[in-house]
Asks: 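Below is one structure. I have some questions about it.
Quick caveat, the model's predicted, so the values are computed rather than measured.
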Amino acid sequence: MDVTTDPSAPWLVAGLGNPGAEYAQNRHNVGFMVADLLAERIGGKFKRAGKAQAQVVEGRIGPPGPMNRRVILVKPMSFMNLSGGPLNALRDFYKVPLGNIVAVHDELDIDYGTLRLKLGGGDNGHNGLKSMTKVMGPDYHRVRFGIGRPPGRMQVADFVLKDFGSTERKELDYFVDRAADAVECLVIEGLERAQSTYNS
């Protein structure tokens with residue numbers, strides 16, 4: 001279900017994370033980091049979206065002509081486990097087909113910096129995905145950014161709410177940049193092309 005059949009339909013790209021400066025550099029907030037970079041690339045600044053608990057940037061990506069796509073970048077401001085509500089409200093407002101929604105999120109079961117793109121599937125215990133799936137079903141795209149598993153006996157909740165380590169931070173900008181490239185490829189050229197280029 002690679003839904004890009006209507007090239008004029010907008011895309012909604014949701015970076016998942018938690019609002020607030022204390023969470024900004026957490027592993028769980030890598031979706032926000034990718035969304036911020038995409039906003040920078042299209043020359044926009046995040047602003048509060050009316051009554052929705054979210055920040056939004058509207059713009060276009062892709063070369064001029066038939067490959068150019070309208071995109072709405074979103075950072076839910078509702079905390080991770082309630083992400084679905086604001087995103088569903090914005091999906092209705094902008095009339096975005098479900099197959100044109102992309103969630104960018106951290107993924108425990110993938111090595112740090114590795115990307116995997118897919119359409120649909122389970123939530124793998126991720127509260128942001130759980131909330132999205134609850135309100136809109138599972139058939140949206142996911143750009144999964146690997147953060148690896150916690151070391152030793154560290155609890156998952158503690159691990160995802162910690163900042164990236166000093167070694168990880170050396171490569172973080174590169175990996176975030178690559179994830180933003182993957183989102184653009186997905187929106188402009190479709191899932192198959194994005195998977196063959198960025199899935200590793």
Asks: Less than 4.5 Å apart, any side-chain heavy atom of L129 and any of R142?
Replies: yes

Asks: Determine whether more than 12 heavy atoms belonging to other residues, nucleotides or ligands lie under 6.0 Å from atom CZ of R193.
Replies: no

Asks: Give the ring-plane orientation class for H28 versus H126, where under 30° counts as parallel, over 60° as perpendicular and anything between as tilted.
Replies: tilted

Asks: Decide yes or no for L191 and H141: does some side-chain heavy atom of the first lie under 4.5 Å from some side-chain heavy atom of the second?
Replies: yes

Asks: For residues I61 and W11, determine if any side-chain heavy atom of one lies less than 4.5 Å from a side-chain heavy atom of the other.
Replies: no

Asks: Would R70 and E58 count as a salt bridge (charged side-chain N to carboxylate O under 4.0 Å, His left out) if you check the C-alpha gap in whole Å, the side-chain angles of each, and the deciding distance to 0.1 Å?
Replies: CA-CA 8 Å; R70 182 178 170 217; E58 294 181 60; 3.3 Å; yes

Asks: I want to check something: taking the side chain as every heavy atom from C-beta on, are V102 and Y140 in contact at a cut-off of under 4.5 Å?
Replies: no

Asks: Among residues two or more places apart or on two chains, list those pairs meeting salt bridge (charged side-chain N to carboxylate O under 4.0 Å, His left out) that have a residue in residues 18-27.
Replies: R27-E168

Asks: Are V34 and L37 connected, step by step, through hydrophobic side chains (Ile, Leu, Val, Met, Phe, Trp, Tyr) whose heavy atoms are closer than 4.5 Å?
Replies: yes

Asks: When you measure from the side chain of R153 to the backbone of P150, do you find a donor-acceptor pair of N or O atoms at a distance under 3.5 Å?
Replies: no

Asks: Flag the pair D123 and K134 as a salt bridge only when some basic side-chain nitrogen lies within less than 4.0 angstrom of an acidic carboxylate oxygen.
Replies: no

Asks: Can the ring centres of F32 and Y23 be said to be less than 6.0 Å apart?
Replies: no

Asks: Kindly assign one of parallel, tilted or perpendicular to the pair Y112 and F164, based on the angle between their ring planes and the thresholds 30° and 60°.
Replies: tilted

Asks: Answer yes if L115 and V160 sit in the same cluster of Ile, Leu, Val, Met, Phe, Trp and Tyr residues linked by side chain heavy atoms under 4.5 Å apart, and no otherwise.
Replies: yes

Asks: Step through the shown structure and confirm whether more than 12 heavy atoms of other residues, nucleotides or ligands are within 6.0 Å of NZ on K47.
Replies: no

Asks: Looking only at side chains, do N18 and N26 share a donor and an acceptor under 3.5 Å apart?
Replies: no

Asks: Which salt bridge (charged side-chain N to carboxylate O under 4.0 Å, His left out) pairs, counting each pair once, include a residue from residues 73-99, with sequence neighbours left out?
Replies: D36-K75

Asks: When you check the gap from the basic side-chain N to the acidic O, do D177 and R41 get nearer than 4.0 Å?
Replies: yes

